[in-house]
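Order of the sequence lines fixes the chain letters, A, B, ..., with proteins taken first and strands second; residue numbering starts at 1 for each chain. Values reported hereafter were calculated over all heavy atoms of this structure, with side chains retained and with hydrogens, waters and symmetry mates removed.
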Protein chains: 2
Amino acid sequence: MEQRIDRIKKQLHSQSYKLTPQREATVRVLLEHEDDHLSAEDVYMLVKEKYPEIGLATVYRTLELLTELKVVDKINFGDGVSRYDLRQEGAAHFHHHLVCLECGSVDEIQEDLLDDVEKEVETRWNFEIKDHRLTFHGICHRCK
Amino acid sequence: MEQRIDRIKKQLHSQSYKLTPQREATVRVLLEHEDDHLSAEDVYMLVKEKYPEIGLATVYRTLELLTELKVVDKINFGDGVSRYDLRQEGAAHFHHHLVCLECGSVDEIQEDLLDDVEKEVETRWNFEIKDHRLTFHGICHRCK
DNA sequence: CTGTCAAATGATAATGATTATCATGATAAT
DNA sequence: ATTATCATGATAATCATTATCATTTGACAG
Ligand SMILES: [Mn+2]
Ligand SMILES: [Mn+2]
Ligand SMILES: [Zn+2]
Ligand SMILES: [Zn+2]
């Protein structure tokens, strides 16, 4: 945890941003909810527990900044809000999601699985892949 | 074109919906822009050219209805709007997209490519896949 | 034909997430 | 200490989408 925050701090400094107390509190909330898919409002409410004087705008700004630095990925599951998902450190690509149509749960697949598909796309469509988004919609193991 | 509209008409009737003039005008616009990825506002402006008295709410309602019937797919590329994409008739799964980070273009991949990956996900994660969304972000063939 | 009724429409208000603005506060270098 | 820059918080503005409601349409029964 602390080492992770330290690395994010360095990453911020390398772009001449500071790790302010508000930003640190926000990052801590994200780390403590690594498996969840929190909206900005969700993050705001959780950060307020430790840092009640923080403003909603600051949370939005911090999430935007972390997205820029590729610490988190901004993702949209089709309900009306953006959700922020901590990226695996050092992962080349964003991980995949399993969205259950029954219970609404969102599970993660950390393995890439797309190597072959991406090779094919790169050659046949002459497209240089930088990243991807893959979501499966269906019935989760709990609902079956 | 006419046959396609006829099949959509039957699909509507089978759920006891009618193909009103407004709905038909909207469907025609979608068919005429099959390769584009139009927002509700885009569709509204295009429909107005043929049917100026249509209201924006009706366009939203029609797009919602067509999404329900799986005639179109609602998709979100991360700019603030939903876009509506005509589905290939009879396709089991939604097609894939190539989004260029340089020029913003969105190209389509109609081939499935995911058969093997889906088999693996179904068995290893015990998840019954109904549909998917796959988007690649990178540099398109024109920008290279 | 008419009258009836549910479905559909269009104008517009309301909502809700996100962004912009701006005065104030913190920080670090000079 | 002074100044300059960055960051923050309150709040207003924006903008896509949804809800509301009075009116219209079209299928159907008599
Ligand atoms: Mn995730
Ligand atoms: Mn498409
Ligand atoms: Zn489930
Ligand atoms: Zn391009």
Side-chain angles (χ1 to χ4, degrees), chain A residues 8-29 37-69 71-85, chain B residues 8-29 37-69 71-85:
Chain A
I8 292 169
K9 187 177 185 174
K10 286 199 182 74
Q11 217 176 333
L12 282 162
H13 285 163
S14 79
Q15 317 261 333
S16 60
Y17 294 115
K18 305 174 223 175
L19 183 63
T20 63
Q22 291 91 338
R23 286 175 182 167
E24 181 171 340
T26 303
V27 169
R28 279 185 191 280
V29 162
H37 299 91
L38 304 174
S39 66
E41 192 71 34
D42 292 339
V43 174
Y44 175 56
M45 304 231 281
L46 288 165
V47 177
K48 281 204 105 166
E49 291 173 10
K50 333 172 140 178
Y51 200 110
E53 64 272 41
I54 199 170
L56 177 58
T58 300
V59 170
Y60 269 103
R61 283 185 289 237
T62 301
L63 291 171
E64 199 55 40
L65 181 58
L66 293 173
T67 302
E68 233 176 85
L69 296 180
V71 171
V72 301
D73 277 292
K74 195 176 182 175
I75 190 171
N76 190 301
F77 289 119
D79 55 345
V81 296
S82 293
R83 299 183 175 277
Y84 297 86
D85 205 350
Chain B
I8 291 171
K9 187 176 185 174
K10 287 201 180 74
Q11 217 176 330
L12 282 162
H13 285 163
S14 78
Q15 318 260 335
S16 60
Y17 293 116
K18 305 174 221 171
L19 184 64
T20 63
Q22 291 91 338
R23 285 174 183 167
E24 181 172 338
T26 304
V27 169
R28 279 185 192 279
V29 162
H37 299 90
L38 304 174
S39 66
E41 192 71 33
D42 294 338
V43 174
Y44 176 55
M45 305 229 281
L46 289 166
V47 177
K48 282 204 105 167
E49 291 174 10
K50 336 172 140 180
Y51 200 110
E53 63 272 40
I54 199 170
L56 177 58
T58 299
V59 171
Y60 269 102
R61 282 185 290 237
T62 301
L63 291 170
E64 198 56 40
L65 180 59
L66 293 173
T67 303
E68 233 176 86
L69 297 179
V71 171
V72 301
D73 278 293
K74 196 175 181 175
I75 191 172
N76 190 301
F77 288 118
D79 55 345
V81 296
S82 293
R83 297 183 176 278
Y84 297 85
D85 205 351

Write down the atom of [X], the atom of [Y], and the distance for their closest heavy-atom approach.
X: A:Pro21; Y: A:Tyr51; answer: CB-CE1, 3.7 Å
X: B:Asp42; Y: B:His37; answer: OD2-O, 4.4 Å
X: A:Thr67; Y: A:Lys74; answer: CG2-CB, 4.2 Å
X: A:Ile54; Y: A:Thr26; answer: CD1-OG1, 4.1 Å
X: B:Lys18; Y: B:Arg23; answer: O-NH1, 2.7 Å
X: B:Ser39; Y: B:Arg83; answer: N-NH1, 3.6 Å

Query raised in the report: DNA chain D: A:Val59 or B:Ser82, which has the more 5' nearest nucleotide?
Result: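 Result: A:Val59.
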
Requested in this report: Remember a base hit wins even if backbone is also touched, and classify B:Arg61 as base, sugar-phosphate or nothing at under 4.0 Å, heavy atoms.
Outcome: base

Query - Within residues 39-47 of chain B, residues whose heavy atoms come under 4.0 Å of DNA chain C - result: none

Query raised in the report: What are the bounds, 5' to 3', of the part of DNA chain C that sits under 4.0 Å from heavy atoms of chain A?
Result: C:dA17 to C:dT21

Report task. State, to the nearest 10°, the angle formed by the axis through the first five base pairs of the helix from C:dC1-D:dG30 to C:dT30-D:dA1 and the axis through its last five. Result -> 20°

Query raised in the report: With no hydrogens and no angle check, is any side-chain donor or acceptor of A:Ser16 less than 3.5 Å from a backbone partner on A:His13?
Result: no

Report task. Ignoring hydrogens and angles, tell me if any N or O in the side chain of A:Gln11 forms a donor-acceptor pair with the backbone of A:Leu69 under 3.5 Å. Result ->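 Pair found, side chain donor or acceptor close to backbone of A:Leu69.
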
Query raised in the report: Taking it one step at a time, do B:Glu41 and B:Leu56 satisfy side-chain contact (heavy atoms from CB on, under 4.5 Å)?
Result: CA-CA 8 Å; B:Glu41 192 71 33; B:Leu56 177 58; 4.2 Å; yes

Query raised in the report: Quick one: are A:Tyr84 and A:Leu38 in side-chain contact, heavy atoms under 4.5 Å?
Result: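 Not touching, per the 4.5 Å side-chain cut-off.
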
Query raised in the report: Taking CG from B:Leu63 and C1' from D:dT17, how many angstroms apart are they, rounded to a whole number?
Result: 12 Å

